[in-house]
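Both backbone and side-chain heavy atoms feed into the values below; hydrogens, waters and symmetry mates do not. Residue numbers begin at 1 in each chain, while the letters A, B, ... track the order of the sequences.
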Protein chains: 2
Amino acid sequence: MDETLAKETESAESPPQKGTVTQRAIERIKAMIGEGRLEPGQRLPTERDLAAQLGISRSSMREAIRALTVLGVLEARHGSGIYVTQLEAGDLLETFGVVADLSRGPRLVELLEVRRILESTATALAAARITPDQLAEVEEHLAAMNATDDPEEIIAHDLAFHRAIAMAAGNETMAAILEGLSSRTFRARVWRGYQEEGAFERTRREHAAIHRALVAHDPEAARAAAAAHVGEVEEWLRSQLAT
Amino acid sequence: MDETLAKETESAESPPQKGTVTQRAIERIKAMIGEGRLEPGQRLPTERDLAAQLGISRSSMREAIRALTVLGVLEARHGSGIYVTQLEAGDLLETFGVVADLSRGPRLVELLEVRRILESTATALAAARITPDQLAEVEEHLAAMNATDDPEEIIAHDLAFHRAIAMAAGNETMAAILEGLSSRTFRARVWRGYQEEGAFERTRREHAAIHRALVAHDPEAARAAAAAHVGEVEEWLRSQLAT
DNA sequence: CCAGCCATGTGGTCCGACCACTACGGCTGG
DNA sequence: CCAGCCGTAGTGGTCGGACCACATGGCTGG
């Protein structure tokens with residue numbers, strides 16, 4: 001019954017001891033992926049095997065896996081196994097939405113400032129590169145947004161409108177960041193108050209301006225229109241804070 | 001064998017059933033913070049109490065806590081308790097570094113493109129707003145970087161140089177994002193090859209140009225210098241990919 | 001030959017025990 | 001009386017095992 005000594009014999013480990021066991025496991029797996037020993041889409045060993053390999057309990061290994069799961073690095077399929085995600089921008093930047101959801105006050109303005117910078121550049125790039133097909137999708141959402149007065153639907157198409165433009169800019173990473181910066185709950189929180197001031201008409205005009213610039217393939221006009229569009233919301237939010 | 005009915009009797013729960021128990025716990029805690037029921041810095045109930053409150057096991061609750069910990073929302077202090085972080089930009093955007101570390105190939109270029117856009121704007125803002133104290137810190141790192149030839153130290157001061165500028169721009173969120181975009185391992189990976197081409201001299205000149213623009217409080221010059229600085233690395237990396 | 005069942009293996013959940021560390025308060029010695 | 005030590009209760013961290021829910025693929029029976 002004296003299994004106490006069994007622990008001492010394991011002293012031949014490489015990393016002496018730093019941080020919690022789970023934290024080390026997270027780093028180990030991250031390193032495996034970083035070094036290319038685990039390819040995107042590849043299936044990992046079972047939780048039980050992984051735990052055995054790293055010499056930790058299954059509980060700790062599960063915490064490590066859960067952590068990497070919320071980070072968008074791993075994906076667990078019940079009954080099937082654990083897989084490495086495609087490690088695409090969308091996978092890894094999903095957590096960005098959490099930042100937007102939990103930010104308040106001054107930080108919301110900072111977030112919008114970042115969005116203004118990125119969105120204006122993305123829209124300018126889109127104006128130069130957008131294809132007829134992509135332009136058609138943008139127009140589709142623009143029309144759908146003007147055809148309804150259900151706030152939910154308006155927000156959804158507003159989001160899709162900007163997403164389509166970001167995609168046309170040809171930088172998936174930027175598109176994913178902007179997606180997070182405009183996450184559903186974030187928009188809902190801001191729009192509630194913003195729309196009460198009859199800002200919908202102004203929004204419609206601003207969207208039309210952006211659309212015109214895209215059709216004309218005029219990057220500078222697109223940049224200005226997009227910056228003004230986000231800037232409007234930004235200024236309104238700034239004024240709200242002063243209250 | 002008919003233990004099937006035992007499940008049906010539990011129908012008196014608030015959330016019917018969606019996703020895993022742990023996932024629900026994560027959302028619940030996130031919601032508590034979002035609704036303001038948990039203030040930054042506040043201490044949470046013990047793991048055991050929290051698990052009991054949500055009607056789940058301690059194991060599942062621990063996974064939820066671990067998930068929120070890696071997201072920078074919670075902080076667990078061994079022997080003391082679990083606390084909500086200050087929810088500042090730095091806390092929540094720490095995970096951004098993971099994206100940079102795990103990205104490869106074309107995505108690295110996209111990442112640098114985002115950085116170029118943000119860094120150039122941040123540097124322009126800094127040129128307009130920087131105070132003598134902040135400028136002194138920038139110069140300190142600039143001098144330290146030129147005074148040594150230890151690659152590790154150079155990278156460290158290079159990072160600090162840009163961080164100081166981002167801080168001077170007055171947008172902590174942007175600074176935190178840029179910090180993640182220039183994470184240690186990310187820089188190390190790129191620099192290894194970049195410096196081999198004797199790019200250090202060019203880097204030094206570019207930093208000097210940025211510094212001059214800051215001293216002159218010339219936003220446009222600062223924007224151009226910063227964009228060129230990041231653009232150089234970007235172009236080099238792009239050429240590497242073509243190989 | 002094919003549909004449907006079932007054995008197997010996987011992640012998901014729970015339990016209970018113990019360890020490592022912190023914090024706090026009482027106790028001791030000056 | 002006070003300072004400092006020390007014990008103790010309480011917390012997060014780790015472990016091992018058991019069982020459940022689900023996915024898969026082979027097998028069986030038609």
*Looking at D:dG12, does its base get a donor-acceptor pair with the side chain of B:R48 below 3.5 Å?*
yes
*Going from CD1 on B:I155 to OG on B:S182, what distance comes out if it is rounded to the nearest 0.5 angstrom?*
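Separation between the atoms: 11.5 Å.
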*B:F186 CZ to B:W191 CH2 distance, which is reported to the nearest 0.5 Å*: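 It is 12.0 Å, given to the nearest 0.5 Å.
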Just the table, please: protein N/O against nucleotides 25-27 of chain D N/O, every pair under 3.5 Å.
none

_salt bridge (Lys or Arg N to Asp or Glu O under 4.0 Å) involving B:D91 - partner list, sequence neighbours excluded_ =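 For B:D91, no residue satisfies salt bridge (Lys or Arg N to Asp or Glu O under 4.0 Å) once neighbours in sequence are set aside.
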*Taking NZ, NE, NH1 and NH2 as the nitrogens, is one of them in A:K30 or B:D101 under 4.0 Å from a carboxylate oxygen of the other?*
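Answer for the salt bridge query: no.
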*Please indicate whether B:E27 has more than 12 foreign heavy atoms, meaning atoms of other residues, nucleotides or ligands, lying under 6.0 Å from its CD.*
yes
*asked:* So for atom CG, which belongs to A:D149, do other residues, nucleotides or ligands contribute more than 12 heavy atoms lying within a distance under 6.0 Å?
replied: no
*Check every strand shown and say whether B:I82 touches a base, only sugar-phosphate, or nothing at a heavy-atom separation below 4.0 Å.*
sugar-phosphate
Atom [atom1] of [X] to atom [atom2] of [N]: distance rounded to whole Å?
X: A:E75; N: C:dG12; atom1: CD; atom2: C1'; answer: 16 Å
X: B:I26; N: C:dT13; atom1: CD1; atom2: C1'; answer: 14 Å
X: B:M61; N: D:dG12; atom1: CE; atom2: C1'; answer: 14 Å
X: B:I65; N: D:dG12; atom1: CD1; atom2: P; answer: 7 Å

_Aromatic plane relationship, A:H157 with A:H141 - under 30° parallel, 30 to 60° tilted, over 60° perpendicular_ = tilted
*A:E47 and A:M61: which non-hydrogen atoms are nearest, and at how many Å?*
O-CG, 3.9 Å
*Taking all heavy atoms of B:I56 and all of B:A25, pick out the closest pair and write down the distance.*
CD1-CB, 3.9 Å
Which pairs, protein N/O on one side and nucleotides 7-9 of chain C N/O on the other, fall under 3.5 Å?
{"unit_1": "C:dG9", "atom_1": "N2", "unit_2": "A:G79", "atom_2": "O", "d": "3.2"}

Using residues 102-114 of chain A as the side-chain source, report each donor-acceptor pair under 3.5 Å to any protein atom, sequence neighbours left out, with the distance given to one decimal.
{"unit_1": "A:S103", "atom_1": "OG", "unit_2": "A:V99", "atom_2": "O", "d": "2.7"}
{"unit_1": "A:R104", "atom_1": "NH2", "unit_2": "B:G34", "atom_2": "O", "d": "2.4"}
{"unit_1": "A:R107", "atom_1": "NE", "unit_2": "B:L87", "atom_2": "O", "d": "3.4"}
{"unit_1": "A:R107", "atom_1": "NH2", "unit_2": "B:L87", "atom_2": "O", "d": "2.8"}
{"unit_1": "A:E110", "atom_1": "OE1", "unit_2": "B:E172", "atom_2": "N", "d": "3.3"}
{"unit_1": "A:E110", "atom_1": "OE1", "unit_2": "B:T173", "atom_2": "N", "d": "2.9"}
{"unit_1": "A:E110", "atom_1": "OE1", "unit_2": "B:T173", "atom_2": "OG1", "d": "2.6"}
{"unit_1": "A:E110", "atom_1": "OE2", "unit_2": "B:E172", "atom_2": "N", "d": "3.3"}
{"unit_1": "A:E113", "atom_1": "OE1", "unit_2": "B:N171", "atom_2": "ND2", "d": "3.4"}

Distances for protein N/O vs nucleotides 14-16 of chain D N/O pairs under 3.5 angstrom?
{"unit_1": "D:dT14", "atom_1": "OP1", "unit_2": "A:V21", "atom_2": "N", "d": "2.4"}
{"unit_1": "D:dT14", "atom_1": "OP2", "unit_2": "A:T22", "atom_2": "OG1", "d": "3.2"}
{"unit_1": "D:dC15", "atom_1": "OP2", "unit_2": "A:S57", "atom_2": "N", "d": "3.1"}
{"unit_1": "D:dC15", "atom_1": "OP2", "unit_2": "A:S57", "atom_2": "OG", "d": "3.3"}
{"unit_1": "D:dC15", "atom_1": "OP2", "unit_2": "A:S60", "atom_2": "OG", "d": "3.1"}
{"unit_1": "D:dG16", "atom_1": "O6", "unit_2": "A:S59", "atom_2": "OG", "d": "3.3"}

*Residues forming a side-chain contact (heavy atoms from CB on, under 4.5 Å) with B:A156, sequence neighbours excluded*: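 B:A156 satisfies side-chain contact (heavy atoms from CB on, under 4.5 Å) with B:R184 once adjacent residues are dropped.
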